[in-house]
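Note that these values count all heavy atoms, side chains included, but never hydrogens, waters or copies made by symmetry.
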2 protein chains.
Amino acid sequence: MPNSAPATIEDVARIAEVSIATVSRAIHTPDKVAKSTRQRVNQAIAITGYTTNAMARSLRMGRSNMILILAPDIGDPNFSSTLIGLENEARAHGYGVLIGHTQNDPERGLEYLKFLSSGQATGLVLFTGHEPFGHQVLGQRLPPSVAVFEPVFGSKISYVGVDDVAGARKAAEHLLSAGHRSIAFIGDSKTRLGHQRRRQGFDIALDAARIPPNQRFVLEGEGTIESGRLAVEQLFMRDQLPSAFMCVNDATAVGVLNGLTARGYDLPHDFSVIGFDDVPQATYVNPALTTIRQPRTAIGRQAMSLLIKSLGDRTMERQEILLMPDLIVRGSVTGPARR
Amino acid sequence: MPNSAPATIEDVARIAEVSIATVSRAIHTPDKVAKSTRQRVNQAIAITGYTTNAMARSLRMGRSNMILILAPDIGDPNFSSTLIGLENEARAHGYGVLIGHTQNDPERGLEYLKFLSSGQATGLVLFTGHEPFGHQVLGQRLPPSVAVFEPVFGSKISYVGVDDVAGARKAAEHLLSAGHRSIAFIGDSKTRLGHQRRRQGFDIALDAARIPPNQRFVLEGEGTIESGRLAVEQLFMRDQLPSAFMCVNDATAVGVLNGLTARGYDLPHDFSVIGFDDVPQATYVNPALTTIRQPRTAIGRQAMSLLIKSLGDRTMERQEILLMPDLIVRGSVTGPARR
DNA sequence: AATTGTAAGCGCTTACAATT
DNA sequence: AATTGTAAGCGCTTACAATT
């Protein structure tokens with residue numbers, strides 16, 4: 001029943017009958033200690049259950065092997081699978097991750113930034129789409145950082161995400177090839193770069209199909225379920241209806257589906273709907289949502305890989321890695337209804 | 001453009017023209033330093049942007065003010081709002097939280113436990129339903145801990161969660177008062193204590209209504225969407241059908257809804273369905289799910305409050321705090337169909 | 001040249017002593 | 001009694017010296 005305080009390097013040294021320096025070397029640079037000594041040390045480690053105190057180590061070395069992940073909303077369906085990619089890649093390189101849940105609260109963000117300045121973390125992953133609030137307040141330079149999902153506007157922070165333009169184009173082309181000619185775009189944004197790029201992909205596809213842009217079929221929205229519902233209502237107050245809805249993301253699409261169902265339409269017979277993201281919920285709305293899948297785990301993996309590289313090479317320039325998304329065909333798209 | 005290393009207590013001391021001991025006291029026990037000195041120190045802090053190095057502080061003091069939260073799956077819809085309750089309460093008491101995402105991987109769990117033994121964290125919140133793997137391996141006692149959502153079986157770890165029996169009873173009574181007499185229970189479990197308690201609540205309600213138990217209407221399941229779908233299929237292979245489905249949780253209910261819809265039934269007209277948890281998705285399945293709401297944020301808040309108390313008083317005994325859940329009426333329950 | 005130990009120091013807190 | 005400073009030490013890593 002080993003109780004008491006955890007073993008320190010001192011305990012190990014005493015048992016192995018060496019100095020603490022030798023213990024440290026046996027652990028971190030084993031080839032610098034004689035084989036027999038190394039064995040005695042390893043035995044002592046086994047006996048004591050020693051693990052090195054990360055705080056003391058980081059304090060002494062002036063850096064840690066922890067990466068801080070700043071996320072405004074841990075409940076975001078895009079977050080958890082990306083996190084897994086981040087974690088696995090970090091681990092493979094001997095790094096650990098610290099999750100900073102900011103709840104979009106600048107104060108919390110600031111608190112987590114202290115992990116950086118105090119050396120508890122050395123690198124930064126941003127889910128936020130903007131530089132952390134008040135990092136200038138702290139009077140510190142940002143450490144090596146990488147943004148995921150949403151590029152950081154006007155910053156030299158690297159970015160790993162999906163190719164929004166290409167993905168949206170795929171979505172629109174799927175609708176077009178099903179025969180749709182009047183397609184609404186739901187979720188136009190003046191502020192979110194990623195959503196603007198999706199709009200761009202939509203425009204390109206329609207243009208390539210020689211369909212003239214129709215501004216009345218482009219509705220704004222902030223990418224929430226509620227905004228999708230709202231867009232449907234707005235559209236129904238006008239004279240003309242599209243035969244298909246291309247939504248800026250799945251949340252919007254779920255809202256559109258809801259709004260349409262609430263109005264008594266039979267989907268996908270009456271209207272086709274396509275989303276973007278492929279969140280877990282996409283499979284169990286009714287009809288199941290045809291959408292564009294973000295390669296989330298791969299995004300996480302690549303982002304971490306890039307970050308670790310730039311940890312080793314501080315002169316590395318900004319990079320943007322765009323991954324290609326896939327079309328996932330489920331039940332919400334079919335040919336246009338005869339009306 | 002303040003660059004360079006972050007300010008240390010030494011920098012502050014030099015500018016304020018005091019010793020570092022005085023700086024430390026000015027920060028942590030301000031009434032022990034003269035007012036004029038305190039002011040000079042505060043000014044120096046403002047100038048330098050100093051924040052105390054948490055690692056050095058914890059190392060010196062032998063304890064930190066961080067709570068480790070061990071979660072097997074951050075994507076679980078129950079997690080994020082509970083986390084907010086935990087975080088807010090921790091913060092109100094000057095504690096921070098560290099999120100350990102174990103992915104159900106014992107090795108990862110073990111890694112995070114080192115935060116405890118190295119003093120990077122002092123308390124533990126468990127979402128796992130079991131003691132962390134291998135904490136005996138580390139040869140260490142568990143620190144003050146509290147479990148949420150799933151009590152830790154056979155352990156003296158305190159527990160804060162919903163009153164499953166009472167909640168399930170409410171659900172069943174809602175079905176009964178809508179006129180249902182043949183109700184299936186989907187998601188019976190041999191292993192999950194919380195789910196067993198829900199089953200218990202169900203039995204109690206039926207018994208109180210003098211409805212004899214019907215074992216053919218009790219189907220096992222692990223609480224996933226898939227298991228809900230499966231249960232529907234199993235039921236339809238039998239001779240007799242219930243008029244309502246009481247599901248052990250919302251995920252199961254979504255599966256049941258799906259399975260029923262896929263078979264062409266009109267819900268809730270043909271069958272009523274009730275869930276448990278009130279996950280975010282419950283609002284946008286079709287029909288919207290009537291369910292029992294877990295007071296997630298409150299659970300988080302109370303759990304953290306209890307934990308912090310036991311941090312102050314190590315002799316505290318195990319406690320179990322059961323919060324009362326509410327019935328949330330939406331669209332998935334109505335009277336039984338005439339058939 | 002290979003192996004080991006000595007001692008300093010990372011940034012803090014706090015017991016104790018010293019000063020007013 | 002109120003206020004301040006001195007110095008030790010938390011658990012480590014590593015430059016340097018010492019030994020073989």
Side-chain angles (χ1 to χ4, degrees), chain A residues 4-42 44-45 48-66 114-122 140, chain B residues 4-41 44-45 48-66 94 114-122 140:
Chain A
S4 78
T8 71
I9 198 170
E10 198 105 35
D11 301 323
V12 176
R14 197 175 328 108
I15 294 180
E17 300 184 303
V18 293
S19 74
I20 62 170
T22 298
V23 174
S24 178
R25 278 190 289 254
I27 295 170
H28 302 291
T29 52
D31 38 308
K32 285 195 176 171
V33 357
K35 197 172 165 199
S36 63
T37 315
R38 206 189 312 147
Q39 285 173 341
R40 285 211 320 283
V41 171
N42 286 334
I45 287 175
T48 54
Y50 171 76
T51 67
T52 113
N53 182 316
M55 286 188 318
R57 175 159 218 252
S58 300
L59 181 60
R60 170 58 230 242
M61 295 181 60
R63 65 194 165 72
S64 73
N65 55 165
M66 286 281 163
K114 289 186 192 164
F115 282 76
L116 258 15
S117 58
S118 71
Q120 268 185 98
T122 31
Q140 68 189 39
Chain B
S4 78
T8 70
I9 199 172
E10 198 105 33
D11 301 321
V12 176
R14 198 175 327 110
I15 293 181
E17 300 184 302
V18 293
S19 73
I20 60 170
T22 299
V23 175
S24 178
R25 280 189 289 252
I27 295 170
H28 302 292
T29 52
D31 38 306
K32 285 197 177 170
V33 358
K35 197 173 165 199
S36 63
T37 315
R38 206 189 311 147
Q39 284 173 341
R40 284 212 319 285
V41 170
I45 288 175
T48 54
Y50 171 77
T51 67
T52 113
N53 181 317
M55 285 188 318
R57 174 159 219 251
S58 300
L59 180 60
R60 171 59 229 245
M61 295 181 61
R63 64 192 166 73
S64 73
N65 56 164
M66 286 283 162
K114 288 186 192 164
F115 281 75
L116 258 14
S117 57
S118 71
Q120 268 186 98
T122 30
Q140 68 188 41

> Any side-chain heavy-atom pair from B:Val18 and B:Val41 closer than 4.5 angstrom?
Replying inline: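 With C-beta onward as the side chain, the pair touches.
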> Under 4.5 Å between any side-chain heavy atoms of B:Ser118 and A:Thr51, yes or no?
Replying inline: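 A side-chain contact under 4.5 Å is absent here.
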> Going by the side-chain hydrogen bond (donor to acceptor under 3.5 Å, both in side chains) test, which pairs reach into residues 31-41 of chain B, not counting sequence neighbours?
Replying inline: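 Qualifying pairs: none.
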[X] has an atom [atom1]; how far is it from atom [atom2] of [N], in whole Å?
{"X": "A:Lys32", "N": "C:dT4", "atom1": "NZ", "atom2": "C1'", "answer": "12 Å"}
{"X": "A:Arg14", "N": "C:dG5", "atom1": "CZ", "atom2": "C1'", "answer": "17 Å"}
{"X": "B:Lys35", "N": "D:dA2", "atom1": "NZ", "atom2": "C1'", "answer": "16 Å"}
{"X": "A:Glu17", "N": "C:dG5", "atom1": "CD", "atom2": "C1'", "answer": "15 Å"}
{"X": "A:Arg38", "N": "C:dT3", "atom1": "CZ", "atom2": "C1'", "answer": "12 Å"}

> In chain order, what residues pass the side-chain contact (heavy atoms from CB on, under 4.5 Å) check against A:Ala54, with sequence neighbours excluded?
Replying inline: B:Gln120
> Under the side-chain contact (heavy atoms from CB on, under 4.5 Å) test, which residues partner A:Ile27, sequence neighbours left out?
Replying inline: A:Val23, A:Ile45, A:Tyr50, A:Thr52
Please list, chain by chain and in numerical order, all residues satisfying side chain to side chain donor-acceptor pair (under 3.5 Å) with [X], sequence neighbours excluded.
{"X": "A:Ser58", "answer": "none"}
{"X": "A:Thr22", "answer": "A:Ser19"}
{"X": "B:Arg25", "answer": "none"}

Between protein and nucleic acid, restricted to nucleotides 18-20 of chain D and to nitrogen or oxygen atoms under 3.5 Å apart, what atom pairs and distances do you find?
none

> Residues in salt bridge (Lys or Arg N to Asp or Glu O under 4.0 Å) with B:Arg14, at least two apart?
Replying inline: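 In terms of salt bridge (Lys or Arg N to Asp or Glu O under 4.0 Å), with neighbours along the sequence ignored, B:Arg14 is linked to B:Asp11.
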> From A:Thr8 OG1 over to A:Ile20 CD1, what is the distance, rounded to the nearest 0.5 angstrom?
Replying inline: 8.5 Å
> Across the strands shown, which category fits B:Thr37 at heavy-atom distances under 4.0 angstrom: base, sugar-phosphate, nothing?
Replying inline: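 Result for B:Thr37 = sugar-phosphate.
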> When you check every protein heavy atom under 4.0 Å of nucleotides 6-12 of chain C, what one-letter string (B, S, -) results, 5' to 3'?
Replying inline: B-BBBBB
> Which pairs with one or both residues in residues 48-59 of chain A pass salt bridge (charged side-chain N to carboxylate O under 4.0 Å, His left out), sequence neighbours excluded?
Replying inline: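 Passing the test, one end in residues 48-59 of chain A: no pairs.
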> Which dot-bracket notation, 5' to 3', represents the base pairing of DNA chain D when pairs are defined as Watson-Crick or G-U with both distances under 3.5 Å, crossing pairs as [ ], and inter-strand pairs as |?
Replying inline: ||||||||||||||||||||
